[in-house]
Student: 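Here it is, the structure, as structure tokens.
Being a predicted model, the structure only gives us computed values, none of them experimental. So that the names make sense, note that chain A is the first sequence line, chain B the second, and so on, each numbered from 1.
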Amino acid sequence: MSKVQVMNGNMAAAIGAAMCRPDIIAAYPITPQTPIVEYLADFVIDGKLDASVSEVESELSAMSVVTGASLAGSRVFTASASQGLSLMYEPYFRASTLRLPVVMAVANREMISPQTLWGGPQDTLSVRDAGWLQIYCEDNQEILDTMIMAFRLAEDKNVLLPINVCFDGFYLSHMAERVEIPEQEDVDAFVPKYVPEHIKLDPKKPMAVDPLTNGYLLAEYRLKHMMAQQNALKLIDEIDEEYEKKFGRSYGGAIEEYKCEDADYIIVTMGSMTGVAKDRVDAARAAGKKVGLVKVRIVRPFPGDKIANALKNCKAFGVVDRNVSFGWNTGIIYEEVCAAMFRNNLLIPNVPFIAGLGGEDVTGEHFDYAIDTVIAQEGNADKHYTVWLNREDKGI
Amino acid sequence: MNQRETIELLARSEDQISPGISACVGCNVELTLRTCMQVMGPNTIFAIPPGCMGGVGVVGWDKQSGAKIPVFFPLLDNPASMLAGIKMHYDRIGEDVNVVAFAGDGASVDCGFQALSGAAERGDKIIYICYDNEGYMNTGYQRSGSTTKGAWTSTTPVSKDGRGGKKQNKKDMPMIMAMHDLPYMATMSPAFIPDMVTKLEKAKAVKSGLVYLHVYNPCVTGWGFKSDESIELCRLSVETNYAPLFEVENGKFTLNRSLDNPKPLADFIKRFKKFRHLGDEEIAALQELCDSKAERLKNLASL
């Protein structure tokens, strides 16, 4: 029997991570991620978690300590957000190119300027091409479950890549919800001990890690890294199925399709906004509009074919981004979805939306408006301008 | 250890670095590195961040290693924290392994200082060796926080009429690290190998926190002197009190060589191309700083 508790997203992340028994944890405080570090420190001092913790002096050292520990063979965990993630960028990129299965929770927060500390995935999405796996969660149960799946995915011999488990700051990090906590022995069986074979610094078996490397060999590393990302795309679906068998909960793997089978119009979302979006999809259905929803869970690797398959029979779709892609004048996920559609020879009328920047609410009214805008786009081959969903009601 | 014991120790321990690295002719950092790793021995993991020793191939090329022991290339700004993670792993599994950084002054006093200071404060059980050649030599000698005041570097150039050079004093890294209340801090010189070996042995025995070792290494190529003068100039840096040999064990300062009756600093300064433009007044100012630091060190050692 699993336990049920009311907890915020940071606690869900901390419990999920702790249940996977990391050997070494290093993290530095930053709003809205800080409680994760505090919870884990509490678990350790209370004897609930046997881990060594380093209270580092910066995020750069947080990522450096965990990459060092992973290089030596430990299972490791860290957490950060926003400016902290930016400060990590150098060892962050390196953790993936060294193929170290670091697991890192991110309570997503906007990037400054202007000064801000509220939610939004601009931080992790801006480093989506640094070679990590990235999964985005909708609610606190999904955070806990994804954390457990993340260790499995990252440490799989066909993947061996670091992973971000991302969730919107404050909306999830600080909001309490009902969360089921699985049994420790079931988690132990699901996440076996990490035994590195590909890279290890050990005097008993000397190895030079990262000699100066010529381009032809670097290209080989990149190719294998790209293949590992594609392996993860298959594996996330398999792990999700296995998780459902064991723990009774499934998230659809790479994406979740909600009422998509017969949908004429589909809204694509990511993260915590998905809950209210599903509610408005239900309302639209009740009003006779055949609307569905695709929730993007994994952004790296990008599940382009799965998304294209989900959208292929609709008459119009829209993508709601809580982030911007400077230079594209749209959100980031919109451009990725468009690329996936084009690569699958699908040209379907569509609308890019931007909403909820800087932690603003994305409301039911916003989604009602988005759904109607998408429906109106049916049959229109012209490009639709990017719709900013939260401007008018703020009087900007 | 007495001199004989240190020489015997070197005689019976294996060189851990590939014979084929491409350091400059007369480079005393290469000698320092070989000596350090010879004493550290096979039960060691070490890190060489970007800098001369990384550039000359100590980590290796493509699929070949530059060392017989596990070696890796940390980032310029994170050797201390990356090594701290490695050491935490071995502590956890109960294996006693020497975890060592061999980093230049750029990686130590500038870019990687935050990580080093943090690791020192937390007591991460690593041995951090800084080879101080007063600048970014591997990229063609740009100034660092460790460059002596007045020195020509490629980023503090000197005009034809002798104006220019670095405007600020050298960061006193050994003293800064000593003030972290380390279990062991020492300065070393490749001109005093028995002293170096003794200190490396002491460093290996420390189990309670971070060890910081600072080596002063005049650079043949960057500073401008002849390769056969390398060790002589290292010795002179010590004999002029510019790079005195001392150690600090749990707060107790000890001079390893008397600071009395030093040779004039000008004897050292005038040997390098990088100081050629300095006038008597500027050299006198350096001498004054050197004297006051020596005096302070003597006072500390008398406590």
Student: Apply side-chain contact (heavy atoms from CB on, under 4.5 Å) to residues B:Asn43 and A:Lys204 and explain how you reach the verdict.
Tutor: CA-CA 8 Å; B:Asn43 186 33; A:Lys204 291 194 282 296; over 6 Å; no

Student: With sequence neighbours left out, what residues match A:Glu155 under side-chain hydrogen bond (donor to acceptor under 3.5 Å, both in side chains)?
Tutor: A:Arg75

Student: Please classify the contact between A:Leu217 and chain B as side chain, backbone, both or neither, with a heavy-atom cut-off of under 4.5 Å.
Tutor: side chain

Student: Checking heavy atoms, do the side chain of B:Val71, its backbone, both or neither come under 4.5 Å from chain A?
Tutor: both

Student: Do you know which of A:Val76, A:Asp23, A:Asp210 has the most heavy-atom pairs under 4.5 Å to chain B?
Tutor: A:Asp23

Student: Highest number of heavy-atom pairs under 4.5 Å with chain A: which of B:Leu75, B:Ile45, B:Asn78?
Tutor: B:Leu75

Student: If the contact rule is any heavy atom under 4.5 Å from chain A, which residues of residues 56-70 of chain B qualify, in numerical order?
Tutor: B:Val59, B:Gly60, B:Trp61, B:Asp62, B:Lys63, B:Gln64, B:Ser65, B:Lys68, B:Ile69, B:Pro70

Student: Are B:Met88 and A:Ser54 side-chain neighbours, meaning at least one heavy-atom pair lies under 4.5 Å?
Tutor: yes

Student: I'd like to know which of B:Val97, B:Asp77, B:Asp124 tops the heavy-atom pair count under 4.5 Å against chain A.
Tutor: B:Asp77

Student: Please determine whether side-chain contact (heavy atoms from CB on, under 4.5 Å) holds for the pair A:Val209 and B:Phe73, giving the CA-CA distance in whole Å, both sets of side-chain angles, and the decisive distance to 0.1 Å.
Tutor: CA-CA 7 Å; A:Val209 172; B:Phe73 228 133; over 6 Å; no

Student: Does CE in B:Met179 sit with more than 12 non-hydrogen atoms of other residues, nucleotides or ligands closer than 6.0 Å?
Tutor: yes

Student: Which bit of A:Leu98 is near chain B, if near means a heavy-atom gap under 4.5 Å: side chain, backbone, both or neither?
Tutor: side chain

Student: Is there any salt bridge (charged side-chain N to carboxylate O under 4.0 Å, His left out) pair reaching into residues 47-59 of chain A, and which pairs are they, with sequence neighbours excluded?
Tutor: A:Asp50-B:Arg92, A:Glu57-B:Arg122

Student: Give the C-alpha distance, both sets of side-chain angles, the deciding distance and a yes or no for side-chain contact (heavy atoms from CB on, under 4.5 Å) between B:Gln114 and A:Ser58.
Tutor: CA-CA 8 Å; B:Gln114 178 179 311; A:Ser58 70; 2.8 Å; yes

Student: For the candidates A:Glu90, A:Met207, A:Lys200, which exhibits the highest count of non-hydrogen atom pairs separated by less than 4.5 Å from chain B?
Tutor: A:Glu90

Student: With a 3.5 Å cut-off and sequence neighbours excluded, list the donor-acceptor pairs that the side chains of residues 99-108 of chain A form with protein atoms.
Tutor:
| unit_1 | atom_1 | unit_2 | atom_2 | d |
| --- | --- | --- | --- | --- |
| A:Arg99 | NE | A:Leu160 | O | 3.0 |
| A:Arg99 | NH2 | A:Val159 | O | 2.7 |
| A:Asn108 | OD1 | A:Phe167 | N | 3.4 |
| A:Asn108 | ND2 | A:Asp123 | OD1 | 2.7 |
| A:Asn108 | ND2 | A:Thr124 | OG1 | 2.8 |

Student: Could you have a look at B:Asp91, B:Ile86, B:Ile48 and say which one has the most heavy-atom pairs with chain A under 4.5 angstrom?
Tutor: B:Ile86

Student: When rounded to the nearest 0.5 angstrom, what distance separates NE2 in B:His89 from CG in A:Asp202?
Tutor: 7.5 Å

Student: Quick check for you: among A:Thr67, A:Asn214, A:Leu218, which has the greatest number of heavy-atom pairs under 4.5 Å with chain B?
Tutor: A:Asn214

Student: Counting only heavy atoms not in B:Lys207, do more than 12 sit closer than 6.0 Å to its NZ atom?
Tutor: yes

Student: Do B:Tyr90 and A:Pro203 make a side-chain contact, defined as non-hydrogen atoms from C-beta onward lying under 4.5 Å apart?
Tutor: yes

Student: Counting only heavy atoms not in B:Lys87, do more than 12 sit closer than 6.0 Å to its NZ atom?
Tutor: yes

Student: Between A:Val66 and chain B, with a heavy-atom cut-off of 4.5 Å, which part of the residue counts as in contact: side chain, backbone, both or neither?
Tutor: neither

Student: Within a radius of less than 6.0 Å around CD1 of A:Ile45, do more than 12 heavy atoms belonging to other residues, nucleotides or ligands occur?
Tutor: no

